[in-house]
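Input: a single structure, listed below in structure tokens.
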Protein chains: 2
Amino acid sequence: MFPTKSNETISDALKSVSLEAGRQKNGKLWSNLKEVCDLLRIPVSPNSSIASEETLFQHVQFKTGQRIHMIGQPFEMLYVVNSGFLKTVLIDELGNEQILSFPMKSDLLGVDGINSRFYTSEAVALSACDLILIPFKKLTTLGRTYPELENAMYSVMSRELVREQAMISMLGSLSAEGRVARFLVSLSDRFAQMGYSHRIFNLRMTRHEIGSYIGLTLETVSRTLSALHEIGWISVDQKTIEIKDIQALRNLRRLPNAKTRAKDKAKAAKTDKAIMPAVNLNQRTGTEYYESVLRPTA
Amino acid sequence: MFPTKSNETISDALKSVSLEAGRQKNGKLWSNLKEVCDLLRIPVSPNSSIASEETLFQHVQFKTGQRIHMIGQPFEMLYVVNSGFLKTVLIDELGNEQILSFPMKSDLLGVDGINSRFYTSEAVALSACDLILIPFKKLTTLGRTYPELENAMYSVMSRELVREQAMISMLGSLSAEGRVARFLVSLSDRFAQMGYSHRIFNLRMTRHEIGSYIGLTLETVSRTLSALHEIGWISVDQKTIEIKDIQALRNLRRLPNAKTRAKDKAKAAKTDKAIMPAVNLNQRTGTEYYESVLRPTA
DNA sequence: CGCAGACTTGACAGTACTCAACCAAAGTGG
DNA sequence: CCACTTTGGTTGAGTACTGTCAAGTCTGCG
């Protein structure tokens with residue numbers, strides 16, 4: 001009776017995850033080092049001394065809209081997302097918000113504070129969240145006891161760096177369609193990784209936030225989602241996304257062009273609003289007609 | 001008789017720096033841990049045991065065009081730039097090059113390899129370069145002996161992460177003019193930091209490489225440089241850049257707009273090709289005339 | 001029920017890309 | 001030494017894409 005669980009059931013998921021990766025103590029949730037490493041997808045040899053119960057890290061819960069840390073605040077903690085969805089935001093000199101990431105389960109937050117000793121970005125909960133507190137001082141101390149932990153830290157930071165490089169590459173080279181497609185694909189991948197459906201999911205962020213993240217205006221994001229919907233690669237209804245042709249989305253760098261797309265729209269319209277399957281986007285027949293008909297009416 | 005040294009004199013600079021930050025041994029240059037930390041601008045307490053001569057790191061020289069490491073190559077080394085100019089390049093699925101950074105003195109290279117155990121980008125020398133080899137294994141081992149080194153590593157990686165975040169923010173929010181202006185300002189700052197002139201310097205990279213770095217085509221880069229030249233904020237001649245109004249460049253987010261710019265060009269033309277000082281870009285007088293004169297001739 | 005915020009869609013405009021011609025500098029080879 | 005090629009740069013014309021402005025819809029919530 002249970003289909004692939006959607007990411008709707010946050011509170012349910014939270015409960016079960018909490019049981020997996022935490023224990024009660026003084027009425028609060030705590031995780032040991034091993035559990036934190038597992039959460040971060042850091043390989044740890046099973047017989048490692050890391051598995052000890054000596055060092056516990058406290059969980060903290062945040063409600064939607066709550067700030068985890070603010071810009072300029074002294075840096076002391078790293079945070080590992082155990083459940084929930086967040087955004088990290090940079091605010092530039094003119095007060096413009098720039099979304100930097102949408103952290104979710106198993107992501108690490110707060111790394112930007114290490115160098116300057118205060119946070120250079122802020123993190124906000126987009127849903128109810130369960131985070132694990134990692135005091136940075138404690139972490140570096142532990143690193144001396146467990147050499148593999150040290151390597152793991154380097155590894156996680158390196159991973160984050162590579163992720164940002166990919167982001168820069170995307171912003172530098174992809175069209176609006178390419179960016180939105182990639183965004184959806186990466187979300188789909190993340191959800192799959194977390195055990196949610198990779199086909200149907202809910203966006204946790206607004207069009208404005210998506211646009212900020214991938215360097216577009218909210219209108220362009222909305223239009224592009226509509227366009228992808230219309231050619232049948234996805235289905236959009238407000239925050240609900242259904243991926244219908246992930247391979248097409250993956251391969252997309254630049255939609256053929258606006259003219260061709262208009263043609264396909266025309267076809268779709270002619271075939272009684274049926275959604276076109278994602279094949280043969282490059283066909284170019286019987287379309288000049290459509291345009292020449294429309295032009296006079298405008 | 002020595003003006004502020006320009007960055008022309010690479011080989012000279014290399015020699016002097018080598019004497020500063022290296023020593024001969026078996027006919028090769030070596031630096032100790034303290035010198036490497038200084039180069040990376042990592043604060044080290046002077047009485048620290050880090051200052052020891054025990055651990056030496058070898059220098060390696062590269063000629064223009066030589067590759068320091070390639071994509072997919074197993075990761076073993078980090079590199080610290082002691083002198084010279086480089087580029088790091090990402091190559092995506094379709095073989096498109098994407099410039100990620102232009103490392104120069106005191107930058108760290110190769111961090112992207114830590115996570116995946118092989119380099120995900122390649123580094124190429126844009127000039128003669130002197131790099132210090134840091135075997136990663138050796139570094140992590142040393143980290144256990146010198147706790148402050150460990151912190152320093154985290155700090156450097158965090159710094160790099162913040163830099164990339166700023167890059168993402170820029171690509172997401174700035175116009176072509178803003179990007180080029182920022183690029184020039186950041187170069188100017190770097191050169192100042194290295195003791196070169198912040199007013200006049202030579203670009204080490206092509207327009208194509210600049211464009212890739214800041215997400216524009218080479219034509220747009222060229223045009224924008226010409227525009228900044230024309231309004232008198234900089235002076236461009238091929239690879240030579242002279243900054244004439246760095247404050248204007250710093251504040252630039254979006255040039256008033258194309259129309260206003262055309263007006264200023266008109267003014268500049270009328271005043272017999274004199275270069276306009278960078279004031280009052282927003283004046284909007286006597287310009288419709290210019291346009292209406294030009295239009296018919298086209 | 002009305003309001004505010006999020007989203008969609010249209011019209012229009014301006015920025016930046018594409019294509020292309022041209023120029024300059026630096027090799028290359030006879 | 002001079003044609004010739006190659007590479008990098010500049011500039012123009014035209015166009016496509018994406019931003020801006022604006023109107024209107026939908027949703028959730030007090």
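The sequence lines fix the lettering, A, B, ..., with proteins before strands; numbering per chain opens at 1.
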- Are I168(B) and E164(A) close enough that some pair of their side-chain heavy atoms sits under 4.5 Å apart? yes
- Using atom CG of N202(A) as one end and atom P of dA6(C) as the other, report the distance to the nearest whole Å. 16 Å
- Message: I'd like to know if the side chain of R179(A) and the backbone of G215(A) have a donor-acceptor N/O pair within less than 3.5 Å.
- Response: yes
- Judged by atom type as modelled, is there a donor-acceptor pair below 3.5 Å linking the side chain of T224(B) to the main-chain atoms of E177(B)? no
- Item | Length of the NE2-P vector between H229(A) and dT8(C), whole Å | 11 Å
- Over how many whole Å does the gap from K239(A) atom NZ to dC26(D) atom P extend? 18 Å
- Query: Taking T88(A) as the fixed residue, which of L100(A), I68(A), I99(A) is the one that meets the side-chain contact (heavy atoms from CB on, under 4.5 Å) rule?
  - Reply: L100(A)
- So H69(B) and Y119(B), would you call those rings parallel, tilted or perpendicular, with 30° and 60° as cut-offs? parallel
- Item | Interatomic distance, L225(B) CG vs dA16(C) C1' [rounded to whole Å] | 15 Å
- Message: What is the distance, to the nearest angstrom, from the CG atom on L228(A) to the C1' atom on dT9(C)?
- Response: 16 Å
- Under 4.0 Å between a side-chain N/O of S226(B) and OP1 or OP2 of dT11(D), yes or no? yes
- Item | Atom-to-atom span, CG of L174(B) to C1' of dG19(D) - whole angstrom | 15 Å
- Identify which nucleotide among dT18(D), dA16(C), dT10(D) has an atom closest to any side-chain atom of V236(B), counting heavy atoms from C-beta outward. dT10(D)
- Message: For the backbone of M205(A) and the side chain of K239(A), can you confirm whether one donor and one acceptor N or O come within less than 3.5 Å of each other?
- Response: yes
- Message: Need the bend value for the helix from dC1(C)-dG30(D) to dG30(C)-dC1(D): angle between end axes, 5 pairs each end, nearest 10°.
- Response: 30°
- Message: Regarding R190(B) and D107(B), does a basic nitrogen lie under 4.0 Å from an acidic carboxylate oxygen?
- Response: yes
- Relative to the 5' end of DNA chain D, which residue comes earlier, Q238(A) or R223(A), by the nucleotide with the nearest heavy atom? R223(A)
- Message: Give the residues of residues 213-222 of chain A touching DNA chain C, defined as any heavy atom closer than 4.0 Å, sorted by residue number.
- Response: L218(A), E219(A), S222(A)
- Message: I need the single residue from F191(A), Y213(A), F85(A) that forms a ring pair (Phe, Tyr, Trp, His ring centres under 6.0 Å) with F102(A). Which is it?
- Response: Y213(A)
- Item | Sidechain-backbone polar pair: E242(A) side chain, R199(A) backbone, donor-acceptor under 3.5 Å | no
- Query: Which whole-number value in Å describes the distance from L171(B) CG to dA16(C) P?
  - Reply: 13 Å
- Query: Between atom CZ in R207(B) and atom P in dA24(C), what is the gap in whole Å?
  - Reply: 16 Å
